[in-house]
Amino acid sequence: QVQLVESGGGLVQAGGSLRLSCAASGRTFSRYAMGWFRQAPGKEREFVAAIGWSGKITYYADSVKGRFTISRDNAKNMVYLQMNSLKPEDTAVYYCAADYTVVVTTTQYEYDYWGQGTQVTVSS
C-alpha cells in the first residue's frame, strides 16, 4: 500500500516556475514507477511525466517536453515535478501516481495509487 500526498501547487504568471512535490509512504517506494498526470476543467486526465524506479528512465508528454522535469529521491520517498516556462494551458489539477512495475508507462490505468491532487493555475 502506498499513500501519496502532493504539494507545491499555486497561482503563477505565465513564464513562471513551480515545483510540485509528492510524498509517498511505504517501504517499497523505490520499486514503484511514478507518474504525474493533470486534469484541466472540462477535460480528461492526461499524462504529463513518468519516471522509473532508478530515476534513469523518464518520459514526458510532448506538450511539456523541454519545460518540465521529473525527478525522484528514493531515500526521502519523494517525487518532484519542476515546471518552467509555464503557460495558461498548463492550468490543471496535478496528480501524483504510483505503479508497482519495472516498466514505466504513460497509461494512467496502469497506475495503482493516486494522490488527491494539487491545483496549478497559470495566469496570462
For S124 and P88, the nearest pair of non-hydrogen atoms, with its separation, is CB-CG, 3.8 Å
Within the side chain of T105, is there an N or O that forms a donor-acceptor pair under 3.5 Å with the backbone of T107?
yes
Please examine the side chains of N77 and R72, heavy atoms only from C-beta on, and report whether any two atoms are closer than 4.5 Å.
no
Would you name the heavy atoms of A24 and V2 that are closest together and state the gap between them?
CB-CG1, 4.2 Å
Exam field: side chain T118 to backbone G9, donor-acceptor pair closer than 3.5 Å:
yes
Within a radius of less than 6.0 Å around NZ of K43, do more than 12 heavy atoms belonging to other residues, nucleotides or ligands occur?
no
Could you please spell out the steps behind the side chain to side chain contact (heavy atoms under 4.5 Å, CB included) verdict for F47 and Y59?
CA-CA 10 Å; F47 168 75; Y59 294 112; 4.0 Å; yes
Would the distance check show the side chain of D73 and the main-chain N or O of M78 forming a donor-acceptor pair, the cut-off being under 3.5 Å?
no
Is there a side-chain contact between I51 and W36 in this structure, where contact means two heavy atoms from C-beta onward sitting under 4.5 Å apart?
no
With the side chain counted from C-beta on, respond yes when L81 and M83 share a heavy-atom pair under 4.5 Å apart, and no when they do not.
yes
What I'd like to find out is whether the side chain of T121 reaches to under 4.5 Å of the side chain of V12, using heavy atoms alone.
no
Can you give me the closest heavy-atom contact between L4 and C96, atom names plus distance?
CD1-O, 3.6 Å
I want to check a possible cation-pi pair here: R45 against W114, using under 6.0 Å from ring centre and within 45° of the ring axis as the test.
yes
Report the C-alpha separation of Y111 and F37 in whole Å, then their side-chain angles, then the decisive distance to 0.1 Å, and conclude whether the ring pair (Phe, Tyr, Trp, His ring centres under 6.0 Å) test is met.
CA-CA 11 Å; Y111 284 78; F37 295 80; 5.1 Å; yes
Salt-bridged, K87 to D90, with N to O below 4.0 Å?
no
Note: T28 and Y32 closest approach over all heavy atoms is O-CD1, 3.1 Å
Check whether any side-chain heavy atom of Y100 lies under 4.5 Å from a side-chain heavy atom of R31, and answer yes or no.
yes
With no hydrogens and no angle check, is any side-chain donor or acceptor of E6 less than 3.5 Å from a backbone partner on G117?
yes
CG/D99 to CD/Q108 distance, rounded to the nearest 0.5 angstrom?
12.0 Å
For N84 and S17, the nearest pair of non-hydrogen atoms, with its separation, is OD1-OG, 2.9 Å
Answer yes or no for R19 and Y80: cation-pi contact, defined as NZ/CZ to six-membered ring centre under 6.0 Å and angle to ring axis within 45°.
yes
Would you call L86 and F68 a side-chain contact if the rule is heavy atoms closer than 4.5 Å?
yes
Compute both the distance and the angle, then confirm whether R67 meets the cation-pi test with Y60: under 6.0 Å from the six-membered ring centre, within 45 degrees of the axis.
no
Heavy-atom neighbours of E46 CD exceed 12 at 6.0 Å
yes
Are V120 and L18 close enough that some pair of their side-chain heavy atoms sits under 4.5 Å apart?
yes
For a side chain to side chain contact (heavy atoms under 4.5 Å, CB included) with Y113, tell me which candidate from Q3, Q1, M34 qualifies.
Q1
A side-chain contact here means heavy atoms from C-beta on lying under 4.5 Å apart; do Y95 and V48 qualify?
no
I need the R38 CZ to Q119 CD distance, nearest 0.5 Å.
12.0 Å
